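Have a look at this one.
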Amino acid sequence: MKKTLAIIGGGAVGLTSAIHAYNFSKGNINIIILEKMDRVGKKILATGNGRCNFTNIYATYENFYGEDKFFSKYFLEQFSVQDTIDFFYNLGVLHTVLENGKVYPYSEQASSILDALRNKIDNLNIPIKTEFDVKSINKKNDKFKIVSTKNETILANKIIFATGGMASQNLGSNGSGIKILKSLGHSCTKLTPALVQLKTPPEKVKSLKGIKITGNLKMYSNDTFLKEEYGEILFTDYGISGPPVFQLSTLFSRYKNLIAYIDFMPSFTEEEVFNILKDRKKLLNYTNMENYFNGLLNKRLGNIIAKSSGIEKLSFLVENLTDNILKNMANLIKNYKLEILDTNGFNNAQVTSGGIKTSEFNNKTLESKIIKGLYCAGEILDVVGDCGGFNLQWAWSSSYVATKCCVKSMI
Ligand SMILES: Cc1cc2nc3c(=O)[nH]c(=O)nc-3n(C[C@H](O)[C@H](O)[C@H](O)COP(=O)(O)OP(=O)(O)OC[C@H]3O[C@@H](n4cnc5c(N)ncnc54)[C@H](O)[C@@H]3O)c2cc1C
């Protein structure tokens, strides 16, 4: 009798795992995908703003974080970025490399990735059971009994457990898988939203709401410099958003007392900014602060810089600007300080920082050391990547290794 592999979670890991499992077993095992939502792969459709940034040509283990900083290395070597590109090419998806090494389907449609996976799964006749929300797993006599919230039961010899993390719960993963693994004896690191907007004191950003500024964002923990990112920063009524913010948001889970400094004029030194401001004092000595920043900074930002430098009224005459005020302004333009109070929560996050402890898994097979025959892959584990296609690469790489090792133990 053929053995059964149950894949729990029909996301990025689950769908690729089904295809790999068929290939490795040459069709000699039963495979079933169990998915709680009414459709598989909902999150894939939302990735990369609907374009699916499915890998990054610069991906290395250094783009990934977790208690074990090196954990992803072996898996990325076993199923590399090129393997990902080849895998999807073989499913009919040509790729294109856009800014910063980000790889997208040539069609620039996330649905291309999901459709390619679903079409192949259909072609291999692998059954998908949707609206099967796994609530518990019991192991007896080397067999797993998987029970849904509607009390339906599936028996399996082995499990690939790929229920994702806690981010964007409307797309499926809500942490129920983490609870199940904890009930079976696994432990979890601290879970924090990542690749997400950041909250700051509202009074420092509210009047800038809706403004997009291309600048440099530097992140500090107290006085220690951590990392910086250049790009478009968007102000909201609660804080900051945009690619540099998403990229640096993973720091929130790892460091205390985060402070962001925005450099609004990154192509100039502070001294150069001071000289520009001084020059403008001469050029614009016929007007007031209402017009002083015109042509240099966004008007609302200019007003904030003026106010923060001690100028209470915009009717203040440019000719009265002192060197001290100008120095203050140059400093604020180069180092606009924002304390980071929090992230904007799991529902707005792209990924989860933290997860089930990787030390509880074999670091070459991803089999649980606690529940033999159960393999984990993807976001549920304590591995989180930078923004830019890295998290999906982790999903593809870990799915490949877990499935290969799992299936080899079944045939
Ligand atoms: C808006 C958004 C944009 C993103 N953009 C990108 C991007 O461009 N590039 C990139 O690399 N990464 C991106 N990511 C992150 C990436 O999508 C995830 O890291 C990746 O999908 C994780 O794969 P996974 O299979 O581990 O989990 P998921 O893809 O989340 O899949 C888990 C599946 O398990 C199902 N499930 C959960 N619990 C149960 C249960 N109890 N029973 C049965 N089924 C269950 C869920 O419904 C879901 O279908 C983005 C994420 C979001 C939210």
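Start at 1 and go down the list; that is how both ligands and their atoms are numbered. Being a predicted model, the structure only gives us computed values, none of them experimental.
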Heavy atoms only, cut-off 4.0 Å: how does F54 contact ligand 1, side chain, backbone, both, or neither? neither
Do side-chain atoms of K2 reach the backbone of G27 as a donor and acceptor pair under 3.5 angstrom? yes
Tell me: protein heavy atom nearest atom 48 (C) of ligand 1, and distance? E35 OE1, 3.5 Å
In short, T96 meets Y106 closest at the heavy-atom pair CB-CD1, 3.7 Å
Taking a cutoff of less than 4.0 Å between a non-hydrogen atom of the residue and any ligand atom, is G10 in contact with ligand 1? yes
Can you figure out which of G172, A162, G9 has its heavy atom closest to atom 32 (C) of ligand 1? A162
Can you confirm whether D142 is buried at CG, in the sense that more than 12 heavy atoms of other residues, nucleotides or ligands lie under 6.0 Å from that atom? no
Would you check if the side chain of D382 reaches a backbone N or O of K357 as a donor-acceptor pair within less than 3.5 Å? no
Positive for side chain to side chain contact (heavy atoms under 4.5 Å, CB included) with K337, one of L332, I262, I259: I259
Output a table of donor-acceptor pairs, distance under 3.5 Å, between side-chain atoms of residues 157-168 and any protein atom two or more places apart or on a different chain; print 'none' if there are none.
{"residue": "N157", "atom": "OD1", "partner": "T4", "partner atom": "N", "Å": "2.7"}
{"residue": "K158", "atom": "NZ", "partner": "S409", "partner atom": "OG", "Å": "3.1"}
{"residue": "S168", "atom": "OG", "partner": "A349", "partner atom": "O", "Å": "2.8"}

Mind checking whether Y336 and F264 have parallel, tilted or perpendicular rings, split at 30° and 60°? tilted
Any idea which protein heavy atom is nearest atom 13 (C) of ligand 1, and the distance to it? T47 CG2, 3.9 Å
Give the atoms of ligand 1, by number and element, whose distance to some non-hydrogen atom of G389 is under 4.0 Å. 9 (N), 10 (C), 11 (O)
Can you report which non-hydrogen protein atom sits closest to atom 11 (O) of ligand 1, along with the distance? L392 N, 2.7 Å
Is a salt bridge present between E203 and K206, judged by a nitrogen-to-oxygen distance below 4.0 Å? no
Looking only at distances, can you tell me whether any N or O atom of G48, backbone or side chain, sits closer than 3.5 Å to an N or O atom of ligand 1? yes
For K135, look at atom NZ and say whether over 12 heavy atoms of other residues, nucleotides or ligands are found less than 6.0 Å away. yes
Give me the residue, atom name and distance of the protein heavy atom closest to atom 1 (C) of ligand 1. A46 O, 3.8 Å
When only distance counts, is A349 in polar contact with ligand 1, meaning an N/O pair under 3.5 Å? no
Please check whether N53 reaches ligand 1 - meaning an N/O of the residue sits under 3.5 Å from an N/O of the ligand, judged on distance alone. yes
Is the closest N or O pair between V13 and ligand 1 shorter than 3.5 Å? yes
Show the atoms of ligand 1 that are less than 4.0 angstrom away from any heavy atom in F390. 11 (O)
Can you label the angle between the Y61 ring and the F70 ring as parallel, tilted or perpendicular, going by 30° and 60°? tilted
Under a plain distance cut-off of 3.5 Å, with no hydrogens placed, do K43 and S173 share a side-chain donor-acceptor pair? yes
For ligand 1, which atoms, with element, lie under 4.0 Å from some heavy atom of F132? 42 (N), 43 (C)
Enumerate the atoms of ligand 1 whose separation from the nearest heavy atom of M37 is less than 4.0 angstrom. 47 (O)
Tell me which protein heavy atom sits closest to atom 2 (C) of ligand 1, plus the residue, atom name and distance to 0.1 Å. Q350 CG, 3.7 Å
Are side-chain N/O atoms of E35 and T130 paired as donor and acceptor at under 3.5 Å? no
N331 versus E270, side-chain donor and acceptor atoms under 3.5 Å: yes
Heavy-atom contact under 4.0 Å between W394 and ligand 1? no
Within the 4.0 Å heavy-atom shell around G164, which atoms of ligand 1 are there? 26 (O), 27 (O), 32 (C)
Using a 4.0 Å heavy-atom cut-off, say whether S176 meets ligand 1 through its side chain, its backbone, both or neither. side chain
Mind checking whether A12 has an N or O less than 3.5 Å away from an N or O of ligand 1? yes
Under 3.5 Å between some N or O of ligand 1 and some N or O of Q393? no
Where is the nearest protein heavy atom to atom 31 (O) of ligand 1: which residue, which atom, and how far? G11 CA, 3.3 Å
Within 4.0 Å of some non-hydrogen atom of V351, the atoms of ligand 1 are 15 (C), 19 (O)
Heavy-atom contacts under 4.0 Å between L34 and ligand 1: side chain, backbone, both, or neither? backbone
Does one side chain, of S399 or T16, offer a donor that lies under 3.5 Å from an acceptor on the other? yes
How far is atom 19 (O) of ligand 1 from the closest protein heavy atom, and which atom is that? E379 OE1, 2.8 Å
Just checking, any donor-acceptor pair under 3.5 angstrom between side chains of T192 and S253? no
Among protein heavy atoms, which sits nearest to atom 53 (C) of ligand 1, and what does the distance come to when rounded to 0.1 Å? S168 OG, 3.2 Å
If I take atom CD1 from residue I213 and atom CD1 from residue I233, how far apart are they, to the nearest 0.5 angstrom? 7.5 Å
Taking only heavy atoms of G378 into account, list the atoms of ligand 1 that are under 4.0 Å away from them. 26 (O)
The atoms of ligand 1 lying under 4.0 Å from a heavy atom of D133, numbered in the order shown, are 40 (C), 41 (N), 42 (N)
